[in-house]
Amino acid sequence: MRWAADAVATMREGARVRLDYSAQSLWRVDRMIEEIRREEPPYAAVENVLRDLGAYAGEVIVRQTGAEWWASGGEHWVRTPDGRLWDPVDEARRCFGGHGSLRLLCRDATARG
């Protein structure tokens, strides 16, 4: 997904953070979102960054599980092979609000049910 690639490029160039599509890299993403949240920017100023970081987490899940992206009405989800739907973009928004974790979302999505 293009948004995930945008997140990787932005983090590499702007924050000098390398993202490698591993589940472990989501620790860094969660910390970056927490740092952004502490700066208290208006949501509109970080909306696209959060979308891109959520898409990055979704792409991690896709690569780890063989999941696929689903889109409808402007919303994007990841559907894992077991049929569960995950919303990593919304989870990134929840992280910004102090109530989510992309690392934990990935852990749950990749866990064998």
Side-chain angles (χ1 to χ4, degrees):
M1 174 175 246
R2 192 186 108 251
W3 293 338
D6 289 348
V8 171
T10 299
M11 292 302 114
R12 182 180 56 240
E13 294 165 12
R16 301 204 191 283
V17 173
R18 286 208 170 274
L19 299 177
D20 61 4
Y21 295 99
S22 68
Q24 294 83 1
S25 69
L26 294 175
W27 282 91
R28 281 178 255 142
V29 174
D30 277 348
R31 282 195 311 263
M32 284 187 286
I33 294 173
E34 175 61 25
E35 289 172 17
I36 293 168
R37 187 171 73 81
R38 276 194 230 126
E39 293 173 7
E40 299 181 358
Y43 177 77
V46 296
E47 183 175 11
N48 288 341
V49 171
L50 295 173
R51 179 203 63 203
D52 293 351
L53 292 173
Y56 171 78
E59 192 61 24
V60 170
I61 294 167
V62 166
R63 292 177 183 207
Q64 298 256 329
T65 66
E68 59 187 0
W69 282 98
W70 281 43
S72 176
E75 297 293 321
H76 297 82
W77 301 279
V78 171
R79 184 170 187 249
T80 49
D82 61 8
R84 295 181 292 169
L85 288 174
W86 305 88
D87 190 343
V89 174
D90 187 57
E91 190 67 14
R93 293 180 194 123
R94 289 175 39 76
C95 290
F96 180 69
H99 306 291
S101 169
L102 293 171
R103 178 185 59 83
L104 294 178
L105 178 80
C106 181
R107 182 200 66 190
D108 291 348
T110 59
R112 303 283 184 240

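Nothing fancy with the numbering, it's 1 onward along the sequence. As the structure is a computational prediction, the values presented were derived from the model and not from experiment.
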Exercise for the section: Given side chain to side chain contact (heavy atoms under 4.5 Å, CB included), test Ile61 with Gln64 step by step and report yes or no. Expected result: CA-CA 5 Å; Ile61 294 167; Gln64 298 256 329; 5.8 Å; no

Problem - Worked verdict on Glu35 versus Arg31 for salt bridge (charged side-chain N to carboxylate O under 4.0 Å, His left out) - result: CA-CA 6 Å; Glu35 289 172 17; Arg31 282 195 311 263; 5.6 Å; no

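Listed here is the closest heavy atom pair of Ala109 and Thr65: O-CG2, 4.0 Å. When all heavy atoms of Ala23 and Cys106 are compared, the pair lying nearest together is CB-SG, 4.1 Å. The shortest non-hydrogen separation linking Val78 to Ala67 is CG1-CB, 3.5 Å. Between Arg103 and Leu26, the closest heavy-atom pair is CA-CB, 3.8 Å. Pro88 and Gly58 make their closest contact through CG-CA, 3.6 Å (heavy atoms, listed as atom of the first residue, atom of the second, distance).
Following chains of ILVMFWY side-chain contacts shorter than 4.5 Å, one cannot reach Val89 starting from Val29, and the two form parts of different hydrophobic clusters. Note on Tyr21 and Leu102: same hydrophobic cluster, where clusters join Ile, Leu, Val, Met, Phe, Trp and Tyr whose side-chain heavy atoms are under 4.5 Å apart, directly or indirectly.
Looking only at distances, a side-chain donor or acceptor of Arg94 sits under 3.5 Å from a matching main-chain atom of His99.
How far CD of Glu75 is from CG of Asp87: 6.5 Å, rounded to the nearest 0.5 Å. Here the straight-line distance linking atom CG of Leu19 with atom OG of Ser25 works out to 5.5 Å at 0.5 Å rounding. Atom CE of residue Met32 and atom OH of residue Tyr56 lie 8.0 Å apart, to the nearest 0.5 angstrom. A distance of 4.5 Å separates OH in Tyr43 from CZ in Arg93, rounded to the nearest 0.5 Å.
Electrostatic pairing of Glu34 and Arg38 counts as a salt bridge here, judged by a charged N lying under 4.0 Å from a carboxylate O. Glu47 has no carboxylate O lying under 4.0 Å from a charged side-chain N of Arg51, or vice versa, which leaves the two without a salt bridge.
Aromatic ring orientation, Trp69 versus His76: perpendicular (interplanar angle above 60°, classes split at 30° and 60°).
None of Leu50, Ile33, Leu53 except one satisfies the side-chain contact (heavy atoms from CB on, under 4.5 Å) rule with Cys95; the exception is Ile33.
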